[in-house]
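These numbers were taken from a predicted model, which means no experiment stands behind them. In the text below, chain A, chain B and the rest are named by the order of the sequence lines, each starting its count at 1. Atom set for the values below is all heavy atoms of this structure, side chains included, hydrogens, waters and symmetry mates excluded.
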Amino acid sequence: MKQTWFKLICQKEQLQLLGTLNGGQSFRWKFTEAEGDKKWIGVFSDHVWVLKQTDDCILYQVYGSENSEDFYNKLLSNYFQLNLDLKEKFAEWSSKDPIFEKAASQFYGIRILKQDLVENIFSFICSSNNNISRITGMVEKLAKFYGEKICELEDQTYYSFPKIDSLADDKVESVLKKEGFGYRAKYINQSAKIIMQEGGEKWLDDLKKLPYEESKSKLMTLTGIGPKVADCICLMSLGHLGTIPIDTHVYQIARKFYMPHLPKRKTVTAKIYKDIGDHFRELYGPLAGWAHTVLFCADLKKFQTDEN
DNA sequence: AATCGACCTGACGTG
DNA sequence: GTTACCAGGTCGATA
């Protein structure tokens, strides 16, 4: 079967796939390179996507339905939030912060993905006190055990992210525990049950309509979701782009480069959490969460080069 | 309200 | 080659 290549017009300065797909926002993208042919393969919106980037467009294949290029372009455009002019924002953030300006030249085109709410809730429950490689494996297992098969591609089988009701089944906790999810097995199963009990789809729809503070509180009624994970979901799935999730890494960067007066602690306290968020919102404005993601990405070890 | 220790796991890294 | 601590926090108990 030969799959069509579609094309989405998009300048390279507006979107950098490496920093965006491999920056720890989504755990479902894999980079492959064969004979100089660079591709990203991943899953979102119940489709498998193969992406290639050129200077002025994204070339892509889609598996999972038969639809028009226009239809798929809209899905991609929404996922990458291409309606926002990132060059313009980078100029603005650079003018406000010389540290950002320095990072921006190498880390152009890093976008906040607009990700599926359910996928993000359960992916980020897996993320707490955990490392990226294990989180990735856990998310893959959730899809494999409880999602729908989409297609097979290059010796791999791809699955959609599960619906909440399948994660709410009584057996889920013990299955996941056996699969190495540890104490997060219970959080996943319990949170799914709570969402179902509180109205399922309606609970999720309401979440999307609420203002930031209320969304965050509502998310924190689930198990395994504290302030940081709730903020990740608010930022990446609910469109609250001023939200800044403060993890240990962000705290280290903030203390090192921006707020040397912060006390040295091994965990982020509520006060430190608030102080850091306020500082960056003051600095960058209403899209502070997006700006912070770029900075954080620039400091990730896997993107470090000798120039930094 | 703020602080502290326990917590599953190991696809990894460091000493 | 092992051991110990850590990794994109959260939960429940405690002066």
Suppose we call two aromatic rings close when their centres sit under 6.0 Å apart. Are A:Y63 and A:H47 close by that rule?
no
Who passes ring pair (Phe, Tyr, Trp, His ring centres under 6.0 Å) against A:W29, sequence neighbours left out?
none
Give the minimum heavy-atom separation between A:I150 and A:G64, together with the two atoms involved.
CG2-CA, 3.8 Å
Holding to ring pair (Phe, Tyr, Trp, His ring centres under 6.0 Å), I want the full list of residues that pass it with A:Y273, two or more places apart in sequence or in another chain.
none
Applying side-chain hydrogen bond (donor to acceptor under 3.5 Å, both in side chains) as the test, list every pair that has at least one member in residues 276-293 of chain A; sequence neighbours left out.
A:D97-A:Y284, A:K274-A:D278, A:D278-A:R281
Quick one: label A:T248 by what it contacts on the DNA or RNA (base, sugar-phosphate, nothing), any heavy atom closer than 4.0 Å.
sugar-phosphate
Per-residue pairing states of DNA chain C in dot-bracket (Watson-Crick or G-U under 3.5 Å; . unpaired, | other strand) read .....||.||||||.
Rounded to whole angstroms, how far apart are OH on A:Y251 and P on C:dC6?
15 Å
Interatomic distance, OH@A:Y158 vs CZ@A:R28, rounded to 0.5 Å, equals 10.0 Å
Shortest side-chain distance from A:R134, nucleotide among B:dC8, C:dG9, C:dG8:
B:dC8
Can you tell me how far P of C:dG9 sits from CG of A:N131, to the nearest Å?
11 Å
Can you list everything that forms a ring pair (Phe, Tyr, Trp, His ring centres under 6.0 Å) with A:F44? Sequence neighbours excluded, please.
A:W49, A:Y79
Measure the shortest side-chain to side-chain distance between A:K7 and A:I58 over non-hydrogen atoms and say whether it is less than 4.5 angstrom.
no
In whole angstrom, give the distance that lies between atom CG of A:N130 and atom C1' of B:dC8.
9 Å
On a whole-Å scale, what distance lies between the C1' atoms belonging to B:dT14 and B:dG10?
15 Å
pair A:L113-A:Q81: side-chain heavy atoms closer than 4.5 Å:
no
Parallel, tilted or perpendicular for A:Y60 and A:Y72, by the 30°/60° rule?
perpendicular
Nearest-Å distance for atom pair CD/P, residues A:Q190 and C:dT10:
16 Å
A:Q252, CD atom: more than 12 neighbouring heavy atoms under 6.0 Å:
yes
Euclidean distance, atom NZ of residue A:K141 to atom P of B:dG10 [Å, nearest integer]:
8 Å
Return yes if some donor-acceptor pair links the side-chain N/O of A:S174 with the main-chain N/O of A:K171 below 3.5 Å, else return no.
yes
Which residue pairs pass the ring-ring contact (aromatic ring centres under 6.0 Å, His included) test with at least one member in residues 114-154 of chain A, sequence neighbours excluded?
A:F27-A:F124
Please enumerate all protein N or O atoms sitting under 3.5 Å from an N or O of nucleotides 13-15 of chain C, with distances to 0.1 Å.
none

Gap in Å between the two C1' atoms, one belonging to B:dG5 and one to C:dC5, rounded:
16 Å
Do A:R111 and A:Q16 have side-chain N/O donor and acceptor atoms under 3.5 Å apart?
no
Grab the NE2-P distance between A:H249 and C:dC6 for me, whole Å please.
16 Å
Measure from CG on A:N120 to C1' on C:dG8 and round the result to the nearest Å.
13 Å
Please list, by residue number, the residues of residues 215-228 of chain A whose heavy atoms come closer than 4.0 Å to an atom of DNA chain C; answer none if no residue qualifies.
A:L222, A:T223, A:G224, A:I225, A:G226, A:P227, A:K228
Would you tabulate the side-chain donor-acceptor contacts of residues 178-186 of chain A under 3.5 Å, counting partners in other chains and residues two or more places apart, or write 'none'?
unit_1, atom_1, unit_2, atom_2, d
A:E179, OE1, A:K141, NZ, 3.3
A:R184, NE, A:S128, O, 3.1
A:R184, NH2, A:S128, O, 2.7
A:R184, NH2, A:N129, O, 3.0

Determine the sole option in A:L219, A:T243, A:N120 for which the side-chain contact (heavy atoms from CB on, under 4.5 Å) test with A:L238 is passed.
A:L219
Between A:S160 (side chain) and A:D46 (backbone), is there a donor-acceptor pair under 3.5 Å?
no
With rounding to whole Å, what would you report as the distance between B:dA6 and C:dC6 at their P atoms?
13 Å
Expressed in whole Å, how much space separates the P atoms belonging to C:dA7 and B:dG15?
14 Å
Can you pull out the residues from residues 169-187 of chain A that lie within a 4.0 Å heavy-atom distance of DNA chain C?
A:Y183, A:Y187
Mind running a 4.0 Å heavy-atom check of residues 121-129 of chain A against DNA chain C and sending the residues that fall below it, in number order?
A:S127, A:S128, A:N129
Do A:S215 and A:C234 come close enough that some side-chain heavy atom pair is under 4.5 Å?
yes
Is the backbone N or O of A:K228 less than 3.5 Å from a side-chain atom of A:D247, with the two atoms forming a donor-acceptor pair by type?
no
Taking DNA chain B as the partner, which of residues 254-273 of chain A come within under 4.0 angstrom of it by heavy atom?
A:R265, A:T269
